[in-house]
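All remarks here apply to the structure that follows.
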Amino acid sequence: MAKTIWPKSSSARVDSALSAHSVMGLVISALLFVLCLSGTVAVFEDEIEWWEQANTPVVHSVDPAIVQSSADELLKRDPDTTHLYVYLPREDWPRYVVGGDNGSYAVSETGTFVAKLEAPWNEFLIELHYYLTMPHSFGIIIVAIFGVMLVSMAISGLLAHPRIFRDAFRFKRSGQARLAQVDLHNRLSVWTTPFLVAVAGTGAMIGLFGVAALVFAQTNYGGDTSKLSEAIFGGEVLEPDETPVPLTGVDTAMINLSRDVVDANPFLIVVHEPGQKSQHIQFYSDETDRLIYGETYTYSTYGELLATGHNSDGPAGQQIALSMYKLHFGDYGGLWIKAAYFGLGIMLCIIVATGLNIYFLKRREKGRSAPRLEAMWSGWIWGSTAMLPVTLTASLMGIGVAMLIAVYWLGSILLAAAACVWLTAAKAGRLYRGGAGLAMLAAPAIHLIRGELVWSNPYAVGVSVGLVVIGALFVFRAVGSFVELPRSVRASETEAA
């Protein structure tokens with residue numbers, strides 16, 4: 001009888017997991033870094049969007065009558081819109097925005113339309129992180145696959161290092177370059193594992209929802225995805241009727257919501273089919289102690305409560321689906337949670353960067369060094385990082401979203417190629433890091449020179465201060481006057497020489 005051969009020890013299993021981890025890392029690291037970097041910055045997308053139009057008013061509350069008049073005005077400006085959106089001010093977002101299918105407007109507390117909402121760099125950032133600037137239906141699936149692979153890399157990395165939790169607080173900053181990089185990679189991986197799994201997992205679920213919906217609809221709803229959507233999110237509460245009628249009842253519905261639902265805290269109003277007989281008004285109410293996006297209440301234009309979404313107490317699948325967004329972007333718990341997500345996101349970027357650094361250092365130890373590829377990798381890491389503030393500064397000069405996308409990718413590729421041809425990995429890092437810092441300093445400077453930095457707007461000022469602080473650190477780090485290069489990097493340059 002043939003004898004079944006099992007690994008003599010756990011070393012074979014560890015080697016296998018390590019090989020799988022390395023291969024996956026090599027395949028996806030470059031684009032994965034861009035996803036992690038853009039996601040880290042996108043934590044502050046609301047603040048950045050406001051920073052781009054810092055001269056729009058701060059609004060803390062809006063009267064129902066003003067909301068009604070704003071809805072009327074929007075429908076005059078955009079008569080063909082199929083939905084009308086009213087974003088009410090809330091504690092951590094004191095703005096008032098009204099929009100339709102063809103654009104949104106910043107509105108004052110008196111109902112005056114101040115300016116059309118234009119934030120090209122924030123739109124570019126969303127395109128980059130959500131879709132990798134690909135066509136949406138395809139790009140979101142690709143991004144979701146990256147999320148799945150990131151979770152699998154985290155699991156394979158833990159399996160490949162049996163002592164990783166035991167050594168969680170051991171960190172070598174000196175000695176052999178590879179060991180220092182391995183320690184940094186492993187320690188940060190342990191500390192960020194819950195965050196990584198939560199963020200990458202929810203990102204994958206958001207992106208793959210469309211694919212899963214097609215499969216699930218085929219097996220359970222005869223291929224009708226609309227029925228599946230209705231089962232999860234609820235369907236239309238009124239039969240379509242396109243008979244033209246005046247837009248009324250938004251103010252009445254607001255008043256009745258405060259009467260019908262104790263402690264209702266609406267932050268978004270969606271008017272479905274505005275200007276038609278079947279129009280109805282849906283409120284999203286913030287559930288501050290829950291991760292769900294919001295509870296929904298639907299009213300007729302006569303002030304009658306038609307339906308409740310039961311997002312907070314409905315089926316578990318519905319609650320989970322509606323909790324993905326907040327958990328993925330840290331849009332809960334206020335500024336401190338966002339700051340924590342930002343810090344953890346930076347750690348995740350370092351994990352991705354050091355993963356390939358370790359690979360190159362291993363090659364060097366085996367006598368198969370690839371200095372050009374090392375320089376290209378460093379050029380990509382710091383070049384793609386530098387191109388974010390470069391495109392931010394370019395957007396202030398009037399460049400649109402399509403051109404920002406082209407500038408970002410072309411600039412990142414050229415900087416990586418230039419590093420490969422002319423620079424070492426360490427020199428590329430220092431040079432591009434300094435460039436990134438200067439671009440970060442330039443953006444708020446342009447705002448200030450143009451008089452567009454409104455000092456009474458704390459959110460806009462906060463973004464400017466953040467850019468100045470991080471930009472200054474990058475510049476000081478680049479010129480060596482703030483923190484000198486780690487010994488491990490200096491040692492690696494000596495070994496390469």
Side-chain angles (χ1 to χ4, degrees), residues 30 33-34 36-38 40-41 44 48 51 121 124-125 128 173 177 180-181 184 342-343 345-350 352-354 356-357 360 371-397 399 404 407-449 463-494 496-497:
F33 179 81
V34 172
C36 294
L37 178 65
S38 58
T40 299
V41 179
F44 294 107
I48 293 170
W51 179 85
W121 193 81
F124 153 74
L125 181 66
L128 183 63
R173 283 187 55 85
Q181 290 282 301
L184 180 61
F342 183 76
I346 291 175
M347 292 183 188
L348 186 54
C349 292
I350 294 172
V352 175
T354 54
L356 212 53
N357 288 347
F360 286 124
R372 295 298 92 203
L373 290 179
E374 286 187 59
M376 179 180 285
W377 175 242
S378 179
W380 177 263
I381 292 296
W382 291 108
S384 60
T385 300
M387 289 309 298
L388 282 182
V390 166
T391 51
L392 175 60
T393 303
S395 72
L396 299 178
M397 313 301 281
I399 294 180
L404 290 176
V407 168
Y408 180 80
W409 288 116
L410 185 61
S412 298
I413 291 169
L414 289 178
L415 289 173
C420 178
V421 175
W422 291 301
L423 301 170
T424 65
K427 288 180 180 177
R430 288 199 294 271
L431 180 62
Y432 295 169
R433 190 160 49 240
L438 291 174
M440 288 183 206
L441 295 173
I446 292 173
H447 250 334
L448 187 62
I449 292 170
V463 172
S464 292
V465 170
L467 286 169
V468 169
V469 170
I470 297 174
L473 289 175
F474 270 45
V475 171
F476 288 148
R477 177 69 175 83
V479 300
S481 61
F482 186 69
V483 179
E484 67 173 9
L485 280 173
R487 295 174 186 172
S488 59
V489 176
R490 294 203 306 272
S492 67
E493 286 187 314
T494 303

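Only this structure's heavy atoms are used, side chains among them; waters, hydrogens and symmetry mates stay out.
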Looking at side-chain heavy atoms only, is the closest gap between L388 and Y408 below 4.5 Å? yes
Restricting to ring pair (Phe, Tyr, Trp, His ring centres under 6.0 Å), what partner residues turn up for F44, sequence neighbours left out? F342
By side chain to side chain contact (heavy atoms under 4.5 Å, CB included), A394 pairs with (sequence neighbours left out) I399, L404
Is there side-chain contact between I381 and L356, with heavy atoms separated by less than 4.5 Å? no
Name of the residue among L441, L473, V463 meeting side chain to side chain contact (heavy atoms under 4.5 Å, CB included) with V468: L441
I'd like to check V475 versus M440 (side-chain heavy atoms, cut-off strictly below 4.5 Å). Are they in contact? no
Could you tell me if the side chain of L128 sits less than 4.5 Å from the side chain of V34, heavy atoms only? yes
Pairing residues for S38 by the side-chain hydrogen bond (donor to acceptor under 3.5 Å, both in side chains) criterion, not counting sequence neighbours: H129
dist R477:CZ -> I470:CD1 (nearest 0.5 Å) comes out at 15.5 Å
Show the nearest heavy-atom pair for residues G379 and A419, with the distance to one decimal. CA-CB, 3.8 Å
Return the set of residues passing side chain to side chain contact (heavy atoms under 4.5 Å, CB included) with L410 (not counting sequence neighbours), or none when no residue passes. L414
Considering all heavy atoms of both residues, which atom of A436 and which atom of P389 are nearest to each other, and what is their separation? O-CG, 3.7 Å
Nearest 0.5 Å please: distance from the CE atom of M387 over to the CG atom of L37. 12.5 Å
Minimum-distance pair of heavy atoms, taken over all atoms of L467 and P444: CD1-CD, 4.0 Å
Could you measure the distance from the SG atom of C36 to the CZ atom of F33? Nearest 0.5 Å is fine. 8.0 Å
With sequence neighbours left out, which residue pairs that include part of residues 371-388 fulfil the side chain to side chain donor-acceptor pair (under 3.5 Å) condition? N357-W377, R364-E374
The complete set of ring-ring contact (aromatic ring centres under 6.0 Å, His included) pairs with one or both residues in residues 416-447, sequence neighbours excluded, reads W51-H447
Looking only at non-hydrogen atoms, find the nearest pair between T391 and W121 and report the distance. OG1-NE1, 2.9 Å
I'd like to check V352 versus C349 (side-chain heavy atoms, cut-off strictly below 4.5 Å). Are they in contact? no
